[in-house]
Amino acid sequence: MKVIASSVRKGNILEVDGHLCVVLSAESFFPGKGTPTTQIDMRRIADGVKVSQRYKTTEQVERAFVEDIDHSYLYQDGESYIFMNPESFEQLTVSGDVVGDQAVYLQEGMGVKLSIYEGNAVAIELPARVTLEIVETEPTVKGQTASSSYKPAILSNGVRVMVPPHISTGTRIVVQTEDGSYVERAKD
């Protein structure tokens with residue numbers, strides 16, 4: 001299926017020069033003068049080689065037909081991650097290369113969308129936001145809550161994130177899984 005380059009998103013599967021590639025990042029540039037372009041960074045599924053291509057934003061690219069199926073995360077087994085299809089209860093082993101740096105956000109029972117191509121998982125899509133607890137941060141300084149400065153904090157999964165000064169240790173916060181940025185204080 002042909003799609004325009006500017007509509008390509010992280011996790012999409014493209015067919016480039018006869019190889020299947022998973023999109024790691026896609027960024028569109030709109031210069032004041034000249035042609036708008038889209039820079040797409042991909043990883044070839046067959047051999048894991050990273051490829052970077054630049055297209056005109058209106059250029060057509062071939063999107064491979066993959067099946068997106070909901071799965072729930074069970075556990076990590078060495079370098080692999082085990083997921084289960086909640087409808088058929090079939091378990092699927094996904095390599096660490098496919099999960100990549102998103103592995104830190106995986107939580108037991110979390111619902112994810114796996115892109116399946118010929119029986120193998122080739123890409124994973126996590127929920128847009130996850131709730132995590134802050135295990136370490138600087139103490140709250142009185143009177144500093146109105147400023148727009150942020151302070152570093154360590155989350156329960158070991159990831160470092162910048163949070164507003166009023167957030168303290170033990171607080172549960174919502175984090176964007178795409179870039180690891182602070183969204184809001186958890187409402188639970």
Side-chain angles (χ1 to χ4, degrees), residues 3-14 22-30 36 38-43 50 52 57 63 66 68-76 81-86 92 94-116 121-188:
V3 295
I4 60 169
S6 62
S7 70
V8 173
R9 298 284 170 258
K10 179 180 179 176
N12 288 164
I13 309 295
L14 301 180
V22 62
V23 175
L24 302 173
S25 69
E27 194 173 356
S28 294
F29 299 97
F30 301 96
T38 300
Q39 173 81 28
I40 302 176
D41 296 327
M42 305 169 270
R43 185 177 13 55
K50 287 191 179 173
S52 194
T57 52
R63 194 164 164 197
V66 293
D68 288 335
I69 303 172
D70 291 324
H71 280 74
S72 56
Y73 173 65
L74 295 178
Y75 59 93
Q76 182 177 359
Y81 298 85
I82 313 301
F83 294 87
M84 181 183 68
N85 183 328
L92 185 67
V94 179
S95 78
D97 295 343
V98 173
V99 178
D101 55 4
Q102 298 181 43
V104 293
Y105 297 110
L106 282 175
Q107 298 170 349
E108 199 172 304
M110 173 187 275
V112 300
K113 203 176 281 295
L114 290 177
S115 298
I116 311 292
V122 291
I124 182 172
E125 187 182 319
L126 296 181
R129 298 173 172 187
V130 294
T131 303
L132 294 161
E133 188 176 325
I134 292 180
V135 292
E136 185 184 320
T137 187
E138 297 166 8
T140 305
V141 178
K142 192 172 175 142
Q144 197 183 6
T145 53
S147 74
S148 62
S149 64
Y150 279 64
K151 64 182 182 180
I154 308 286
L155 298 172
S156 55
N157 63 352
V159 173
R160 206 168 158 234
V161 65
M162 298 302 281
V163 297
H166 67 273
I167 302 290
S168 59
T169 302
T171 305
R172 290 174 51 80
I173 63 167
V174 177
V175 178
Q176 200 85 11
T177 55
E178 194 173 330
D179 56 5
S181 61
Y182 168 84
V183 178
E184 62 186 358
R185 189 181 228 148
K187 299 196 174 23
D188 53 11

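No hydrogens, no waters, no symmetry mates; every other heavy atom, side chains included, goes into these values.
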With E184, which residues qualify under side chain to side chain donor-acceptor pair (under 3.5 Å), at least two apart?
K187
Just jot down the side chain to side chain donor-acceptor pair (under 3.5 Å) partners of D68, sequence neighbours excluded, or say none.
S115
Evaluate L106 against Y81 for side chain to side chain contact (heavy atoms under 4.5 Å, CB included), listing each step before the verdict.
CA-CA 10 Å; L106 282 175; Y81 298 85; 3.8 Å; yes
With F30, which residues qualify under side-chain contact (heavy atoms from CB on, under 4.5 Å), at least two apart?
S28, P36, T57
Can you tell me how far apart CG (L92) and CD1 (I116) are? Round to the nearest 0.5 Å.
5.0 Å
Minimal heavy-atom distance between P127 and V112, with the atoms involved, is CD-CG1, 4.4 Å
Derivation of the side chain to side chain contact (heavy atoms under 4.5 Å, CB included) call for T169 and V135
CA-CA 5 Å; T169 302; V135 292; 5.5 Å; no
Derivation and outcome, side chain to side chain contact (heavy atoms under 4.5 Å, CB included), residues N85 and I69:
CA-CA 8 Å; N85 183 328; I69 303 172; 3.8 Å; yes
Do the non-hydrogen side-chain atoms of Y150 and P165 ever get within less than 4.5 Å of each other?
no
Is a side-chain donor or acceptor of T177 paired with a backbone partner of L126 at a separation under 3.5 angstrom?
no
Heavy-atom pair with the smallest gap, counting every atom of G109 and S72:
O-CB, 4.1 Å
Considering only distance and modelled atom types, tabulate donor-acceptor pairs under 3.5 Å from the side chains of residues 154-162, sequence neighbours left out.
residue : atom : partner : partner atom : Å
N157    : OD1  : V159    : N            : 3.2
N157    : ND2  : V104    : O            : 2.9

Contacts of K50 that satisfy side chain to side chain donor-acceptor pair (under 3.5 Å) - sequence neighbours left out
none
Please name all residues satisfying side chain to side chain donor-acceptor pair (under 3.5 Å) with S181, sequence neighbours left out, ordered by chain then number.
D179
Can you pull the salt bridge (charged side-chain N to carboxylate O under 4.0 Å, His left out) pairs that have at least one residue in residues 164-178, sequence neighbours excluded?
R172-D188
Enter the distance from E125:CD to H71:NE2 here, rounded to the nearest 0.5 Å.
14.0 Å
Sorted by chain and number, sequence neighbours left out, side-chain contact (heavy atoms from CB on, under 4.5 Å) with T171 holds for I167, S168, I173, R185
Any idea which heavy atoms bring T38 and S6 closest together, and the distance?
OG1-CA, 3.7 Å
Could you state the interatomic distance from OG (S149) to NZ (K151), rounded to the nearest 0.5 Å?
9.5 Å
Results of side-chain contact (heavy atoms from CB on, under 4.5 Å) for I82 - residues two or more places apart only:
L74, Y75, D77, Q91, T93
With Y73 via ring pair (Phe, Tyr, Trp, His ring centres under 6.0 Å) - residues at least two apart:
F83
Can any side-chain N or O of K10 pair as donor or acceptor with the backbone N or O of L24 at less than 3.5 Å?
no
Residues at least two apart in sequence or cross-chain that pass side-chain contact (heavy atoms from CB on, under 4.5 Å) with V23, listed by chain then number, are V8, N12, L14, A26, I40, M42
Is there any side-chain hydrogen bond (donor to acceptor under 3.5 Å, both in side chains) pair reaching into residues 101-113, and which pairs are they, with sequence neighbours excluded?
D70-K113
